[in-house]
Amino acid sequence: MTSPAPTRRPKVATITVGTNEARWLPACLSTLLASDTSDLDLTVWYVDNASTDGSTALVRDDFPTVRIIENDANLGFARANNVGMRAALTAGADYVFLVNPDTRTPADLVQQLTAFMEQWPTYGICGPMQYTYTAADGDTVALDEHNEWSTHALKLGEVDGFVGDRPNRPSPAGPAHGRAPATLEHAYVQGSAFFVRATVLRTLGLFDRVFHTYYDETDLCRRARWANWRVALNLDLGIQHYGGGSTGASTYRRVQMRRNRYYFLLTDITWTWPAILSLAGRWLRQDLAGRSVGGNTTPVRGWAETAAAAWWLLGLAPTIARRRRAHRRLRAAGVAR
(Lines give C-alpha, C1' and ligand atoms only; values in the text may rest on other atoms or scores of the structure.)
Protein backbone atom coordinates (compact mmCIF):
# COMPACT_ATOMS: atom_id res chain seq x y z
CA MET A 1 0.00 0.00 0.00
CA THR A 2 1.43 3.38 -1.03
CA SER A 3 1.91 5.91 1.76
CA PRO A 4 0.23 9.28 1.22
CA ALA A 5 2.50 12.10 0.09
CA PRO A 6 3.58 14.33 2.97
CA THR A 7 1.69 17.58 3.30
CA ARG A 8 3.69 20.53 2.06
CA ARG A 9 4.54 23.05 4.78
CA PRO A 10 5.18 26.54 3.40
CA LYS A 11 8.38 28.18 4.61
CA VAL A 12 7.86 31.69 5.95
CA ALA A 13 10.61 34.11 6.94
CA THR A 14 9.90 37.25 8.95
CA ILE A 15 12.43 40.07 8.67
CA THR A 16 12.74 42.89 11.17
CA VAL A 17 15.23 45.68 10.54
CA GLY A 18 16.28 47.71 13.54
CA THR A 19 18.34 50.86 14.02
CA ASN A 20 18.62 51.60 17.75
CA GLU A 21 15.19 50.05 18.35
CA ALA A 22 16.03 48.04 21.48
CA ARG A 23 12.99 49.29 23.38
CA TRP A 24 10.64 47.83 20.76
CA LEU A 25 12.33 44.52 20.01
CA PRO A 26 11.21 42.37 23.00
CA ALA A 27 7.50 42.79 22.21
CA CYS A 28 8.05 42.54 18.44
CA LEU A 29 10.15 39.37 18.47
CA SER A 30 8.33 37.61 21.30
CA THR A 31 4.98 37.93 19.52
CA LEU A 32 6.47 36.76 16.22
CA LEU A 33 8.02 33.73 17.94
CA ALA A 34 4.66 32.96 19.56
CA SER A 35 3.04 32.62 16.11
CA ASP A 36 0.95 29.56 15.30
CA THR A 37 3.23 27.36 13.18
CA SER A 38 1.04 24.27 13.00
CA ASP A 39 0.77 24.57 9.20
CA LEU A 40 4.07 26.24 8.29
CA ASP A 41 7.79 26.46 9.02
CA LEU A 42 8.72 29.84 10.46
CA THR A 43 12.13 31.51 10.63
CA VAL A 44 12.49 34.87 12.37
CA TRP A 45 15.32 37.13 11.18
CA TYR A 46 16.67 40.30 12.76
CA VAL A 47 18.79 42.65 10.62
CA ASP A 48 20.67 45.21 12.68
CA ASN A 49 21.47 48.50 10.96
CA ALA A 50 24.63 49.46 12.92
CA SER A 51 22.78 50.08 16.19
CA THR A 52 24.65 51.49 19.18
CA ASP A 53 22.01 50.77 21.84
CA GLY A 54 22.78 47.09 22.43
CA SER A 55 20.02 45.80 20.14
CA THR A 56 22.04 42.92 18.74
CA ALA A 57 23.19 41.74 22.17
CA LEU A 58 19.60 41.89 23.41
CA VAL A 59 18.36 39.72 20.56
CA ARG A 60 21.25 37.28 20.88
CA ASP A 61 20.80 36.87 24.64
CA ASP A 62 17.01 36.90 24.93
CA PHE A 63 15.96 35.35 21.60
CA PRO A 64 18.54 32.69 20.71
CA THR A 65 16.40 31.16 17.95
CA VAL A 66 16.29 34.41 15.98
CA ARG A 67 18.75 34.56 13.10
CA ILE A 68 20.83 37.74 13.25
CA ILE A 69 22.50 39.71 10.47
CA GLU A 70 24.67 42.68 11.47
CA ASN A 71 25.28 45.44 8.95
CA ASP A 72 28.49 47.45 9.33
CA ALA A 73 26.64 50.69 8.52
CA ASN A 74 23.10 52.04 8.46
CA LEU A 75 21.96 50.94 5.01
CA GLY A 76 18.50 52.47 5.23
CA PHE A 77 15.20 50.59 5.08
CA ALA A 78 15.41 49.35 1.47
CA ARG A 79 18.95 47.98 1.43
CA ALA A 80 18.76 46.51 4.93
CA ASN A 81 15.56 44.66 4.11
CA ASN A 82 17.17 43.49 0.87
CA VAL A 83 19.97 41.94 2.94
CA GLY A 84 17.39 40.04 4.97
CA MET A 85 15.31 39.05 1.95
CA ARG A 86 18.34 37.66 0.12
CA ALA A 87 19.20 35.55 3.15
CA ALA A 88 15.62 34.31 3.44
CA LEU A 89 15.43 33.44 -0.25
CA THR A 90 18.75 31.61 -0.06
CA ALA A 91 17.35 29.61 2.87
CA GLY A 92 14.39 28.55 0.70
CA ALA A 93 11.57 30.79 1.96
CA ASP A 94 8.26 30.60 0.12
CA TYR A 95 7.01 33.83 1.69
CA VAL A 96 8.70 36.81 3.33
CA PHE A 97 7.01 38.98 5.96
CA LEU A 98 8.64 42.34 6.63
CA VAL A 99 7.72 43.48 10.15
CA ASN A 100 8.80 46.74 11.75
CA PRO A 101 10.22 46.69 15.30
CA ASP A 102 7.38 48.83 16.67
CA THR A 103 4.75 46.14 16.07
CA ARG A 104 3.00 43.38 17.98
CA THR A 105 1.84 40.40 15.92
CA PRO A 106 -1.27 38.34 16.81
CA ALA A 107 -0.51 34.63 17.15
CA ASP A 108 -2.59 33.64 14.12
CA LEU A 109 -1.53 36.43 11.75
CA VAL A 110 1.40 34.74 9.96
CA GLN A 111 -0.64 31.57 9.52
CA GLN A 112 -3.62 33.53 8.17
CA LEU A 113 -1.53 35.52 5.71
CA THR A 114 0.14 32.33 4.49
CA ALA A 115 -3.21 30.58 4.09
CA PHE A 116 -4.52 33.53 2.11
CA MET A 117 -1.60 33.44 -0.32
CA GLU A 118 -1.84 29.67 -0.66
CA GLN A 119 -5.54 29.92 -1.51
CA TRP A 120 -5.21 32.93 -3.84
CA PRO A 121 -2.15 32.43 -6.09
CA THR A 122 -2.83 35.57 -8.15
CA TYR A 123 -1.94 37.77 -5.16
CA GLY A 124 1.75 38.64 -4.99
CA ILE A 125 1.75 41.03 -2.04
CA CYS A 126 -0.66 41.44 0.85
CA GLY A 127 -0.69 42.88 4.33
CA PRO A 128 -2.86 43.20 7.41
CA MET A 129 -4.68 46.28 8.58
CA GLN A 130 -2.80 48.21 11.25
CA TYR A 131 -4.15 48.92 14.72
CA THR A 132 -3.06 51.21 17.54
CA TYR A 133 -0.14 49.98 19.61
CA THR A 134 -1.36 49.22 23.13
CA ALA A 135 -0.14 47.38 26.20
CA ALA A 136 -0.39 43.61 25.94
CA ASP A 137 -3.31 41.90 27.68
CA GLY A 138 -1.71 38.61 28.66
CA ASP A 139 -0.84 36.71 25.51
CA THR A 140 -3.46 38.53 23.42
CA VAL A 141 -2.57 41.25 20.93
CA ALA A 142 -5.67 43.42 20.95
CA LEU A 143 -6.96 44.88 17.70
CA ASP A 144 -9.25 47.62 18.95
CA GLU A 145 -8.81 50.69 16.76
CA HIS A 146 -7.19 51.31 13.39
CA ASN A 147 -4.05 53.42 13.54
CA GLU A 148 -3.59 56.60 11.52
CA TRP A 149 -2.19 54.86 8.44
CA SER A 150 -5.04 52.34 8.19
CA THR A 151 -7.65 55.03 8.78
CA HIS A 152 -6.17 57.03 5.90
CA ALA A 153 -5.96 53.94 3.66
CA LEU A 154 -9.61 53.11 4.28
CA LYS A 155 -10.61 56.69 3.56
CA LEU A 156 -8.76 56.72 0.23
CA GLY A 157 -9.82 53.21 -0.76
CA GLU A 158 -8.56 51.96 -4.12
CA VAL A 159 -7.52 55.19 -5.80
CA ASP A 160 -4.16 56.03 -7.35
CA GLY A 161 -1.44 56.94 -4.89
CA PHE A 162 -1.28 60.51 -6.22
CA VAL A 163 -5.04 61.09 -6.09
CA GLY A 164 -4.49 64.37 -4.25
CA ASP A 165 -2.56 65.70 -7.24
CA ARG A 166 -4.35 63.93 -10.10
CA PRO A 167 -7.92 62.97 -9.06
CA ASN A 168 -8.73 61.39 -12.43
CA ARG A 169 -5.87 58.90 -12.48
CA PRO A 170 -7.13 55.29 -12.88
CA SER A 171 -7.27 53.02 -9.86
CA PRO A 172 -4.44 50.48 -9.53
CA ALA A 173 -6.89 47.83 -8.31
CA GLY A 174 -7.42 44.71 -10.37
CA PRO A 175 -10.72 43.65 -11.98
CA ALA A 176 -13.64 42.49 -9.86
CA HIS A 177 -13.41 39.02 -11.37
CA GLY A 178 -10.96 36.89 -9.41
CA ARG A 179 -10.86 39.17 -6.37
CA ALA A 180 -10.56 37.60 -2.92
CA PRO A 181 -13.22 38.56 -0.38
CA ALA A 182 -12.46 41.04 2.42
CA THR A 183 -9.61 42.69 0.54
CA LEU A 184 -8.84 46.30 -0.29
CA GLU A 185 -6.56 46.79 -3.29
CA HIS A 186 -5.06 49.98 -1.93
CA ALA A 187 -2.27 51.79 -3.79
CA TYR A 188 0.34 49.93 -1.72
CA VAL A 189 0.98 47.77 1.32
CA GLN A 190 3.09 49.61 3.86
CA GLY A 191 6.54 48.14 4.51
CA SER A 192 5.90 47.92 8.25
CA ALA A 193 3.79 44.78 7.68
CA PHE A 194 4.49 43.58 4.16
CA PHE A 195 3.84 39.95 3.18
CA VAL A 196 5.28 38.99 -0.20
CA ARG A 197 5.47 35.83 -2.24
CA ALA A 198 9.08 34.67 -2.81
CA THR A 199 8.28 34.12 -6.50
CA VAL A 200 7.56 37.84 -6.81
CA LEU A 201 10.95 38.73 -5.35
CA ARG A 202 12.79 36.22 -7.50
CA THR A 203 11.00 37.45 -10.63
CA LEU A 204 10.91 41.21 -10.07
CA GLY A 205 13.89 41.75 -7.80
CA LEU A 206 13.95 43.27 -4.33
CA PHE A 207 13.49 46.88 -3.22
CA ASP A 208 15.06 49.50 -5.46
CA ARG A 209 18.01 50.52 -3.28
CA VAL A 210 17.95 54.08 -4.66
CA PHE A 211 14.96 54.83 -2.43
CA HIS A 212 16.95 54.15 0.78
CA THR A 213 13.85 54.88 2.92
CA TYR A 214 10.27 55.70 1.82
CA TYR A 215 8.49 54.78 -1.45
CA ASP A 216 10.48 51.53 -1.73
CA GLU A 217 7.50 49.32 -0.90
CA THR A 218 5.20 51.48 -3.06
CA ASP A 219 7.55 50.93 -5.98
CA LEU A 220 7.62 47.15 -5.47
CA CYS A 221 3.81 47.09 -5.29
CA ARG A 222 3.48 48.92 -8.62
CA ARG A 223 6.04 46.61 -10.23
CA ALA A 224 4.08 43.61 -8.97
CA ARG A 225 0.92 45.00 -10.53
CA TRP A 226 2.67 45.70 -13.80
CA ALA A 227 3.71 42.04 -13.81
CA ASN A 228 0.02 41.11 -13.35
CA TRP A 229 0.06 40.24 -9.64
CA ARG A 230 -2.65 41.51 -7.33
CA VAL A 231 -1.74 43.61 -4.27
CA ALA A 232 -4.13 43.98 -1.35
CA LEU A 233 -4.75 44.73 2.29
CA ASN A 234 -6.56 41.98 4.19
CA LEU A 235 -9.44 43.73 5.94
CA ASP A 236 -10.12 40.95 8.45
CA LEU A 237 -6.50 40.63 9.62
CA GLY A 238 -4.54 43.02 11.78
CA ILE A 239 -1.29 43.92 13.52
CA GLN A 240 -0.44 46.51 16.12
CA HIS A 241 1.87 49.22 14.77
CA TYR A 242 3.01 52.30 16.64
CA GLY A 243 4.21 54.14 13.53
CA GLY A 244 6.88 56.75 12.99
CA GLY A 245 9.75 54.59 14.19
CA SER A 246 13.19 56.14 14.48
CA THR A 247 12.59 58.68 11.68
CA GLY A 248 9.46 60.40 13.02
CA ALA A 249 8.99 64.03 12.04
CA SER A 250 12.60 64.80 11.18
CA THR A 251 14.81 66.42 8.58
CA TYR A 252 15.78 62.92 7.45
CA ARG A 253 12.16 62.02 6.79
CA ARG A 254 11.45 65.28 4.97
CA VAL A 255 14.53 65.03 2.74
CA GLN A 256 14.05 61.34 1.93
CA MET A 257 10.35 61.64 1.14
CA ARG A 258 10.85 64.74 -1.03
CA ARG A 259 13.56 63.36 -3.27
CA ASN A 260 12.10 59.85 -3.45
CA ARG A 261 8.73 61.18 -4.55
CA TYR A 262 10.34 62.78 -7.62
CA TYR A 263 12.33 59.62 -8.35
CA PHE A 264 9.17 57.51 -8.03
CA LEU A 265 7.32 59.77 -10.47
CA LEU A 266 10.17 59.92 -12.97
CA THR A 267 10.39 56.11 -13.09
CA ASP A 268 6.64 55.58 -13.56
CA ILE A 269 6.08 54.74 -17.22
CA THR A 270 2.27 55.03 -16.93
CA TRP A 271 2.61 58.82 -16.80
CA THR A 272 3.16 60.91 -19.93
CA TRP A 273 6.05 63.37 -19.87
CA PRO A 274 3.75 66.44 -19.99
CA ALA A 275 1.88 65.08 -16.93
CA ILE A 276 5.15 64.31 -15.14
CA LEU A 277 6.51 67.82 -15.75
CA SER A 278 3.24 69.43 -14.71
CA LEU A 279 3.07 67.55 -11.42
CA ALA A 280 6.79 67.95 -10.69
CA GLY A 281 6.42 71.69 -11.25
CA ARG A 282 3.59 71.85 -8.72
CA TRP A 283 5.67 69.93 -6.18
CA LEU A 284 8.67 72.16 -6.87
CA ARG A 285 6.75 75.32 -5.98
CA GLN A 286 5.56 73.74 -2.73
CA ASP A 287 9.00 72.42 -1.81
CA LEU A 288 10.71 75.76 -2.43
CA ALA A 289 8.18 77.36 -0.09
CA GLY A 290 9.05 74.81 2.59
CA ARG A 291 5.77 72.91 2.34
CA SER A 292 7.08 69.42 1.59
CA VAL A 293 5.45 66.00 1.61
CA GLY A 294 7.58 64.90 4.57
CA GLY A 295 6.87 67.93 6.73
CA ASN A 296 7.10 71.71 6.63
CA THR A 297 10.15 73.89 7.11
CA THR A 298 11.28 77.46 6.37
CA PRO A 299 11.54 78.72 2.78
CA VAL A 300 15.31 79.06 3.19
CA ARG A 301 15.67 75.40 4.13
CA GLY A 302 13.10 74.51 1.49
CA TRP A 303 15.30 76.06 -1.20
CA ALA A 304 18.45 74.38 0.14
CA GLU A 305 16.90 70.92 0.50
CA THR A 306 15.16 71.14 -2.88
CA ALA A 307 18.40 72.15 -4.59
CA ALA A 308 20.14 69.16 -2.99
CA ALA A 309 17.32 66.88 -4.17
CA ALA A 310 17.57 68.26 -7.73
CA TRP A 311 21.33 67.66 -7.80
CA TRP A 312 20.77 64.12 -6.49
CA LEU A 313 18.20 63.45 -9.23
CA LEU A 314 20.47 64.87 -11.90
CA GLY A 315 23.16 62.40 -10.92
CA LEU A 316 20.61 59.60 -11.20
CA ALA A 317 19.62 60.43 -14.79
CA PRO A 318 21.24 57.28 -16.26
CA THR A 319 19.65 55.13 -13.53
CA ILE A 320 16.23 56.67 -14.18
CA ALA A 321 16.56 55.91 -17.89
CA ARG A 322 17.50 52.28 -17.14
CA ARG A 323 14.63 51.90 -14.69
CA ARG A 324 12.14 53.25 -17.22
CA ARG A 325 13.34 50.78 -19.86
CA ALA A 326 13.08 47.90 -17.37
CA HIS A 327 9.63 49.04 -16.26
CA ARG A 328 8.37 49.21 -19.85
CA ARG A 329 9.56 45.64 -20.47
CA LEU A 330 7.97 44.47 -17.22
CA ARG A 331 4.63 46.07 -17.98
CA ALA A 332 4.59 44.77 -21.55
CA ALA A 333 5.27 41.24 -20.33
CA GLY A 334 2.57 41.55 -17.67
CA VAL A 335 -0.05 42.71 -20.17
CA ALA A 336 0.86 39.76 -22.39
CA ARG A 337 0.32 37.17 -19.62
Side-chain angles (χ1 to χ4, degrees), residues 10 12-17 28 31-32 35 40 42 44-45 77-78 81 84-85 88 93-133 141 143 145-159 161 171-174 179-201 204 206-207 211 214-225 229-245:
V12 181
T14 71
I15 298 170
T16 299
V17 171
C28 172
T31 55
L32 284 171
S35 297
L40 55 90
L42 179 66
V44 177
W45 295 79
F77 184 86
N81 272 290
M85 286 191 280
D94 297 303
Y95 302 100
V96 173
F97 188 27
L98 307 185
V99 191
N100 271 18
D102 56 341
T103 58
R104 287 195 179 101
T105 303
D108 65 344
L109 179 59
V110 176
Q111 189 276 331
Q112 295 274 18
L113 290 169
T114 305
F116 172 83
M117 296 291 254
E118 291 282 290
Q119 182 179 356
W120 297 92
T122 57
Y123 284 78
I125 299 169
C126 70
M129 299 303 294
Q130 299 177 22
Y131 289 77
T132 54
Y133 192 96
V141 177
L143 303 176
E145 182 180 0
H146 287 128
N147 70 2
E148 183 178 358
W149 185 84
S150 281
T151 301
H152 189 62
L154 289 170
K155 179 180 178 180
L156 289 178
E158 298 185 340
V159 297
S171 167
R179 175 180 293 226
T183 55
L184 178 73
E185 297 196 7
H186 186 56
Y188 67 101
V189 174
Q190 196 180 44
S192 53
F194 186 96
F195 198 88
V196 57
R197 195 179 296 275
T199 304
V200 170
L201 300 176
L204 306 182
L206 309 179
F207 286 148
F211 285 105
Y214 301 116
Y215 286 91
D216 32 31
E217 76 272 60
T218 314
D219 169 68
L220 186 53
C221 286
R222 71 175 175 179
R223 283 190 278 142
R225 284 183 165 124
W229 295 96
R230 285 185 181 263
V231 175
L233 295 171
N234 300 74
L235 296 174
D236 292 341
L237 304 179
I239 191 171
Q240 286 189 5
H241 180 214
Y242 185 82

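Quick caveat: nothing in here was measured; it's all calculated off a predicted structure.
A search for side-chain hydrogen bond (donor to acceptor under 3.5 Å, both in side chains) contacts involving Glu148 returns nothing, not counting sequence neighbours. Every residue meeting the ring pair (Phe, Tyr, Trp, His ring centres under 6.0 Å) condition with Phe195, not counting sequence neighbours, appears here in chain and number order: Tyr95, Phe97. Residues that satisfy the side-chain hydrogen bond (donor to acceptor under 3.5 Å, both in side chains) test with Asp219, not counting sequence neighbours, are Arg222, Arg223. Checked against ring pair (Phe, Tyr, Trp, His ring centres under 6.0 Å), His146 has the following partners two or more places apart in sequence or in another chain: Tyr131. Here Thr31 pairs with Arg104, Thr105, Val141 under the side-chain contact (heavy atoms from CB on, under 4.5 Å) rule; sequence neighbours left out. For Thr199, the side-chain contact (heavy atoms from CB on, under 4.5 Å) partners two or more places apart in sequence, or in a different chain, are Arg197, Thr203, Trp229. In this structure, the side-chain hydrogen bond (donor to acceptor under 3.5 Å, both in side chains) partners of Tyr123, at least two apart in sequence or on a different chain, are Glu185. Residues passing the side-chain hydrogen bond (donor to acceptor under 3.5 Å, both in side chains) test with Gln112, sequence neighbours excluded: none. Residues forming a side-chain contact (heavy atoms from CB on, under 4.5 Å) with Ser171 (at least two apart in sequence, or on another chain): Glu158, Ala173. Partners of Val44 according to the side-chain contact (heavy atoms from CB on, under 4.5 Å) rule, which considers only residues two or more places apart in sequence or in another chain, are Thr14, Leu29, Leu32, Leu33, Leu42, Val66. In this structure, the ring pair (Phe, Tyr, Trp, His ring centres under 6.0 Å) partners of Tyr133, at least two apart in sequence or on a different chain, are Trp24.
Just one of Asp216, Leu206, Val17 meets the side-chain contact (heavy atoms from CB on, under 4.5 Å) condition when paired with Asn81; it is Val17.
In this structure a side-chain-to-backbone donor-acceptor pair under 3.5 Å is present from Arg225 to Val231.
Distance check: Ile125 CD1 to Tyr188 OH gives 13.0 Å after rounding to the nearest 0.5 Å. Atoms SG and NE2, from Cys28 and His241 in turn, are 10.0 Å apart once rounded to the nearest 0.5 Å. To the nearest 0.5 angstrom, Leu40 atom CG is 5.0 Å from Thr114 atom OG1.
Side-chain atoms of Thr132 and Gln240, non-hydrogen and from C-beta on, never get closer than 4.5 Å to each other. In this structure, the side chains of Leu143 and Ile239 stay at 4.5 Å or more apart for every pair of heavy atoms. Put simply, the side chain of Leu154 does not reach to within 4.5 Å of the side chain of His186, judged on heavy atoms. Residues Val189 and Glu217 form no side-chain contact, since every pair of their non-hydrogen atoms from C-beta on lies 4.5 Å or further apart. Between Met129 and Leu233 the shortest side-chain heavy-atom distance falls below 4.5 Å. Residues Pro128 and Asn234 fail the side-chain proximity criterion, which asks for heavy atoms closer than 4.5 Å.
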Give the C-alpha distance, both sets of side-chain angles, the deciding distance and a yes or no for side chain to side chain contact (heavy atoms under 4.5 Å, CB included) between Leu98 and Phe207.
CA-CA 12 Å; Leu98 307 185; Phe207 286 148; 3.5 Å; yes
Could you give me the CA-CA distance, side-chain angles and deciding distance for Cys126 and Met117, then say whether side chain to side chain contact (heavy atoms under 4.5 Å, CB included) is met?
CA-CA 8 Å; Cys126 70; Met117 296 291 254; 3.8 Å; yes
For side-chain hydrogen bond (donor to acceptor under 3.5 Å, both in side chains), just list the numbers for Gln130 and Gln190, CA-CA rounded to whole Å, side-chain angles, deciding distance to a tenth of an Å, and then say yes or no.
CA-CA 10 Å; Gln130 299 177 22; Gln190 196 180 44; 2.8 Å; yes
Determine whether Cys221 and Phe194 satisfy the following criterion, side chain to side chain contact (heavy atoms under 4.5 Å, CB included), listing intermediate values before the conclusion.
CA-CA 10 Å; Cys221 286; Phe194 186 96; 3.8 Å; yes
Report the C-alpha distance between Phe116 and Thr183 in whole Å, list the side-chain angles of each, state the deciding distance to 0.1 Å, and finish with yes or no for side chain to side chain contact (heavy atoms under 4.5 Å, CB included).
CA-CA 11 Å; Phe116 172 83; Thr183 55; 3.9 Å; yes
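Closest approach of Pro172 and Ala187 over heavy atoms only: CG-CA, 4.0 Å. Heavy atoms only, all atoms of each residue included: Thr103 and Asn100 are closest at OG1-O, 2.6 Å. Nearest heavy atoms, Val96 versus Ala88: CG2-CB, 4.2 Å.
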